[in-house]
Student: 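Below you'll find the structure I mean.
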Amino acid sequence: MTPIAKGRVLALASPVFWSLSGITVRLMDETTTPWQINFYRSSTLALFVIVILIIRYRQQVLRVIRTAGMVGVIAGIFVGCSMLCNIVALKHTSVANATILMASGPLFAALLGRFVLTERVTTKSWVAICMAFIGIVLMVGDQEGASTLYGNLIALVGVGFFGAYAVTLRRRSDIDMTPAVLVAGIFSAAVSAIAATGTGTGLQTSARDICLCIFLGIFQLGIGSVLFAIASRTVPAAELTLFSLSEPVLAPIWSWLGVGEIPSGRAIMGGGIIITALITQACSPQKAPATPR
């Protein structure tokens, strides 16, 4: 098998791992809060990234972390906030809504890059951004109650944080920014611990749910991101973006098969428009980096 063929296999496999977040959260006890989920998932992710960095760089780990510098810290905070929003959204809206809305992040990143980095946005990208906006209006307007609307809006806030993360990474595309994911795990875990304590829920939950959170940290986020990073060395950016689209397609399917959660008609329509917009963006020369969900 050629290097690019191996890369394509890894690029196809990574979104399969990413897509497991929704069904995993649905399998948890309803009393387990987003803060508890985030704390254990993010803590596990941070430990996983440390192990990966040690394996890759050995004695040079501290140098790699220092090289990422303040840009890595800022990027990590942005993606950490996006990770927080993802879990909160999953607790308040459907898996389809949360996953597809969060998947529109690259389009927001392209738009933000236009104003912050003065990057040129192609005609295809503008068309994709307009299509995504229409799809988002359909999905956000598809509310069954205040909780669903809240979840949809939180997912959109997460998309904004992803855009900021992507633009921040572009400022230092010459170095390994894996330490940013480490910062994200530490930051997200710290915020979750403070929030859990402040709201009085604490961090105590069932051993089963903690194990599910550890699964999220290692397999859903950790392994999925590592596979995608390895694939990015040989697979063209447009192909990577297209492969990553299997996440918002698979996530609702797992929830439907696992817990019988069926997306509404407007969610399917809006999601279809957003995925079409993402395919349009993937065919454009511009790209935004993938991120953990």
Student: Does the Q220 side chain pair with the main chain of F215, one donor and one acceptor, at a distance under 3.5 Å?
Tutor: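 No, the answer is negative, given that no donor and acceptor are paired below the 3.5 Å cut-off.
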Student: Say whether L47 and V181 are linked into one hydrophobic cluster, either directly or through other cluster members, by side-chain heavy-atom distances under 4.5 angstrom.
Tutor: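 Different hydrophobic clusters.
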Student: May I have the step-by-step check of side chain to side chain contact (heavy atoms under 4.5 Å, CB included) for N86 and R41, ending in yes or no?
Tutor: CA-CA 12 Å; N86 177 246; R41 181 178 83 149; 4.2 Å; yes
Student: Using the rule that two of Ile, Leu, Val, Met, Phe, Trp, Tyr join whenever any of their side-chain heavy atoms come within less than 4.5 Å, decide whether V51 and V64 are in one cluster.
Tutor: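 The answer is no; the residues belong to distinct hydrophobic clusters.
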Student: With rounding to the nearest 0.5 angstrom, report the CG to CZ distance, L53 to R58.
Tutor: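 L53 CG to R58 CZ: 13.0 Å, rounded to 0.5 Å.
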Student: Is a side-chain N or O of Q36 found less than 3.5 angstrom from the main chain of T33, in a donor-acceptor match?
Tutor: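 Yes: the side chain of Q36 pairs with the backbone of T33.
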Student: Can you confirm whether T178 sits close enough to R56 that some side-chain heavy atom of one is under 4.5 Å from a side-chain heavy atom of the other?
Tutor: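 In contact.
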Student: Applying side chain to side chain contact (heavy atoms under 4.5 Å, CB included) to I223 and F48, what does each step give before you reach the verdict?
Tutor: CA-CA 9 Å; I223 293 179; F48 181 83; 3.9 Å; yes
Student: Roughly how far apart are S192 OG and L84 CG, rounded to 0.5 Å?
Tutor: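 Here the rounded value is 4.5 Å.
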Student: With a 4.5 Å heavy-atom cut-off, do L153 and L149 have their side chains touching?
Tutor: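 The answer is yes, as the side chains (C-beta and beyond) meet within the 4.5 Å cut-off.
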Student: Are any non-hydrogen side-chain atoms of M83 and L45 less than 4.5 angstrom apart?
Tutor: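 In contact.
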Student: Would you compute the distance between atom CG of D209 and atom CG of L216 and round it to the nearest 0.5 angstrom?
Tutor: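 Going from CG on D209 over to CG on L216, the span is 10.0 Å.
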Student: To the nearest 0.5 Å, tell me how far S188 OG sits from I87 CD1.
Tutor: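 Rounded to the nearest 0.5 Å, the OG-CD1 separation comes out at 8.5 Å.
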Student: Could you tell me whether the side chain of M131 reaches within less than 4.5 Å of the side chain of I274, counting heavy atoms only?
Tutor: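 No, their side chains stay 4.5 Å or more apart.
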Student: Could you tell me whether a side-chain N or O of K91 sits under 3.5 Å from a main-chain N or O of T32, the two making a donor and an acceptor?
Tutor: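 Between the backbone of T32 and the side chain of K91 there is a qualifying donor-acceptor contact (under 3.5 Å).
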Student: Hey, does the side chain of S14 reach the backbone of A11 with a donor-acceptor pair shorter than 3.5 angstrom?
Tutor: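 Present.
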Student: What I'd like to find out is whether the side chain of F187 reaches to under 4.5 Å of the side chain of C81, using heavy atoms alone.
Tutor: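 Yes; the side chains approach each other to less than 4.5 Å.
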Student: What orientation do Y165 and F162 show, parallel under 30°, tilted 30 to 60°, or perpendicular over 60°?
Tutor: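 Judged by the thresholds at 30° and 60°, the geometry between Y165 and F162 is tilted.
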Student: Taking side chain as C-beta onward, heavy atoms only, is S225 less than 4.5 Å from W18?
Tutor: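 They are in side-chain contact.
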Student: Quick one: closest heavy-atom pair of V61 and I54, and the distance?
Tutor: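 Answer, listing the atom of V61 first, then I54: CG2-CA, 3.6 Å.
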Student: Do L20 and V16 sit in the same hydrophobic cluster, where Ile, Leu, Val, Met, Phe, Trp and Tyr count as joined when their side-chain heavy atoms come under 4.5 Å apart?
Tutor: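 As far as the 4.5 Å side-chain criterion goes, V16 and L20 are connected within one cluster.
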Student: Checking side-chain polar atoms at under 3.5 Å, does T93 have a donor or acceptor matched by the opposite partner on T148?
Tutor: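 Absent: no donor and acceptor within the cut-off.
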Student: Taking all heavy atoms of I23 and all of G258, pick out the closest pair and write down the distance.
Tutor: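 Scanning both residues completely, I find the closest heavy atoms to be CD1-CA, 3.9 Å.
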Student: Kindly say whether A189 contributes a backbone atom to a donor-acceptor pair with the side chain of N38 at under 3.5 angstrom?
Tutor: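 Answer holds: no.
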Student: So, N97 versus S94: side-chain donor-acceptor pair below 3.5 Å or not?
Tutor: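 The answer is yes; a qualifying pair exists.
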Student: If you compare all heavy atoms of I210 against all heavy atoms of T205, which two are closest, and at what distance to 0.1 Å?
Tutor: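 Scanning both residues, the minimum pair turns out to be CG1-CG2, 3.6 Å.
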Student: Ignoring hydrogens, what is the shortest heavy-atom contact between L90 and A98? Give both atom names and the distance.
Tutor: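 Between these two residues, the closest heavy atoms are CD2-CB, 3.7 Å.
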Student: State the OH-OG1 distance between Y40 and T44, to the nearest 0.5 angstrom.
Tutor: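 Y40 atom OH to T44 atom OG1 measures 10.0 Å (nearest 0.5 Å).
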Student: Show the nearest heavy-atom pair for residues G151 and A89, with the distance to one decimal.
Tutor: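 G151 and A89 have their closest heavy atoms at O-CB, 3.4 Å.
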Student: Can a donor-acceptor pair be found, under 3.5 Å and without considering hydrogens, that links the side chain of E261 to the backbone of P252?
Tutor: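 Here the side-chain-to-backbone pair does not exist.
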Student: Hey, quick one: are V79 and M70 part of the same hydrophobic cluster, counting side-chain heavy atoms closer than 4.5 Å, chains of contacts allowed?
Tutor: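 In one cluster with V79: M70, yes.
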Student: What I'd like to find out is whether the side chain of M28 reaches to under 4.5 Å of the side chain of C213, using heavy atoms alone.
Tutor: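 When only atoms from C-beta onward are counted, C213 and M28 do touch, with a gap below 4.5 Å.
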Student: Can you name the nearest heavy-atom pair linking V88 to P34, along with the distance?
Tutor: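 Reported closest heavy-atom pair: CG2-CB, 3.8 Å.
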Student: Do I253 and L257 have side chains that approach each other closer than 4.5 Å (heavy atoms only, starting at C-beta)?
Tutor: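 I253 vs L257: side chains touch.
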Student: State the CD1-CD1 distance between I268 and I273, to the nearest 0.5 angstrom.
Tutor: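 If we round to the nearest 0.5 Å, I268:CD1 and I273:CD1 are 12.5 Å apart.
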Student: Report the C-alpha separation of R208 and L212 in whole Å, then their side-chain angles, then the decisive distance to 0.1 Å, and conclude whether the side chain to side chain contact (heavy atoms under 4.5 Å, CB included) test is met.
Tutor: CA-CA 6 Å; R208 174 179 173 274; L212 289 173; 4.1 Å; yes
Student: Would you say CZ of F219 has more than 12 non-hydrogen atoms from neighbouring residues, nucleotides or ligands within 6.0 angstrom?
Tutor: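 No, CZ of F219 has 12 or fewer neighbouring heavy atoms, counting only those of other groups under 6.0 Å.
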Student: Can you tell me if W35 and T199 form a side-chain donor-acceptor pair at under 3.5 Å?
Tutor: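 No, because no side-chain N or O of W35 sits under 3.5 Å from a partner of the opposite role on T199.
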Student: Find out if a path of hydrophobic residues (ILVMFWY) with successive side-chain heavy-atom gaps under 4.5 Å connects I50 to L221.
Tutor: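 Linked within one cluster.
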